[in-house]
Colleague: 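Got a structure for you, written out below as structure tokens; questions coming shortly.
FYI, side chains are in, hydrogens and waters are out, and symmetry mates aren't considered; it's all heavy atoms of this structure. Both ligands and their constituent atoms are indexed starting at 1 by order of listing.
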Amino acid sequence: MSATEAMNTNAAAAPESTPQVGRVPGVRIVGTGSALPSRTVTNDDLAQIVDTSDEWISTRTGIRSRRYCDREQGESELTLARDAARRALEASGHTADEVGICLVASFTPAAATPSTACLLQRELGLAEDTLCLDVNAACAGFVYALYVAASLLEHTPQPLALVVGAEELSRVMDFSDRSTCVLFGDGAGAAVLERAADAPALTATWGSRGNDEALFAPGVGSVDEAGEPRPSYLTMDGRAVFRFATEVLPKCTSEVLQAAGVDASDVDRFVFHQANKRIVDVAVRKLGLDPARCAGNIDHTGNTSAASVPILLDELVRTGALVTPARVVMAGFGAGLTWASCLVEVASS
Ligand code: UT7
């Protein structure tokens, strides 16, 4: 047998990799909130500055408009995070002093430090012994943060965690690149996670695959391997990310269902990251899901990265499309590359 044949034989015989599964008993979401900035930008508005059209953007992505922060009005990633978090707390019926953990998922924080989570401590009047930190897993960030918060809740005296996804992507977009600038928007969403003995388990799966070519956004003074400055704006190989997304979204969704021992028909709602309606359509088809239970909101938000899952969740709750208590699967994917899914109960306060 040649070396190549031996390698192929080994490859064929290699067992399917089993995903890591996290299971945290006794946690549920008891309040959601969201905040979109004031400035609405339509596809026609963008067609004034790059060679594009409403027809191209809406048929290729499902996006019709998105929101951008108006800096002159004082809007920023932090103010959106604060407003979303306040609404989530209000919806939960709980107060800031009951929060022991505050996590913010974002890859567009205003500063490397202090973290947005730390500034939220001040803005929301959280106790000084609140565990505050930012989580950067790009568009999968909120689902990652939810699982991290649930795990930490097992060991903290306070019974509540505030989990926020907040982005100001308009700050890192190249408004001369039509292949990226039409896709993204700003916004924030938040959830209050509660530890309760009578709550079901939160089940999660996740993954990461280091790749800085498919999707890249600058950090402070980013340089490449040769020490040359990297672009100061987001760059993306859209087709590569599309292939990745349509691979991992159905995969991590079915993995979390399997890990929890739950049938898709017993899930009230699937809340998928809103990157492109076509990506969700592929996942829905591959998984054989009812499209009505997977409907999104990308038409008026664009892709808000880590904020997209909690914004959609909050819209579903507030419009009554999600009747609580509900069993919800959330899944995100994006730069890193990263992906994550979780099954969690969403209850009323
Ligand atoms: O949050 C996670 C990260 N992001 C994603 O998940 C995004 C994943 N990727 C996508 O959603 C899609 O790949 C895009 C929406 C980015 C692009 O859609 P596509 O159907 O894959 O288009 P494409 O990149 O294959 O481009 C098709 C054509 C090209 O022209 P030619 O080469 O065929 O002449 C592009 O230059 O469309 C052109 N094009 C545009 N035309 C009008 C690209 N952007 C635009 C535009 N307006 N805005």
Colleague: Does this structure show an ion pair linking R87 with E90, if we count only N-O contacts that are shorter than 4.0 Å?
Modeller: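 E90 and R87: not salt-bridged.
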Colleague: Does L120 offer a backbone N or O that forms a donor-acceptor pair with the side chain of R82 under 3.5 Å?
Modeller: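 Checking the backbone N and O of L120 against the side chain of R82, no donor-acceptor pair under 3.5 Å is found.
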Colleague: Taking the side chain from Q274 and the backbone from N297, do they hold a donor-acceptor pair closer than 3.5 Å?
Modeller: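 Confirmed, Q274 side chain pairs with N297 backbone.
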Colleague: Do the two ring centres, one from W206 and one from Y147, sit under 6.0 Å apart?
Modeller: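 Ring centroids of W206 and Y147 are less than 6.0 Å from each other.
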Colleague: Would a 4.5 Å heavy-atom cut-off, applied to side chains only, mark L153 and L193 as touching?
Modeller: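 They are in contact (side-chain heavy atoms under 4.5 Å apart), so the answer is yes.
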Colleague: Can you produce the list of protein nitrogen or oxygen atoms under 3.5 Å from a nitrogen or oxygen of ligand 1, alongside each distance?
Modeller:
from     : atom 1 : to   : atom 2 : distance (Å)
ligand 1 : 1 (O)  : H273 : NE2    : 2.8
ligand 1 : 1 (O)  : N303 : ND2    : 2.7
ligand 1 : 9 (N)  : G238 : O      : 3.0
ligand 1 : 11 (O) : N276 : ND2    : 2.7
ligand 1 : 13 (O) : G238 : O      : 3.1
ligand 1 : 20 (O) : R60  : NH1    : 2.8
ligand 1 : 20 (O) : R278 : NH1    : 3.2
ligand 1 : 20 (O) : R278 : NH2    : 3.3
ligand 1 : 22 (O) : R60  : NH1    : 3.4
ligand 1 : 25 (O) : R239 : NE     : 2.5
ligand 1 : 25 (O) : R239 : NH2    : 2.9
ligand 1 : 36 (O) : R178 : NH2    : 3.0
ligand 1 : 37 (O) : W56  : NE1    : 3.3
ligand 1 : 41 (N) : W56  : NE1    : 3.3
ligand 1 : 47 (N) : T52  : OG1    : 2.7
ligand 1 : 48 (N) : T52  : OG1    : 3.1
ligand 1 : 48 (N) : R178 : O      : 2.9

Colleague: With a cutoff of under 4.5 Å between side-chain heavy atoms, which Ile, Leu, Val, Met, Phe, Trp and Tyr residues group with I311?
Modeller: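 Its cluster partners, ordered by chain and number, are L36.
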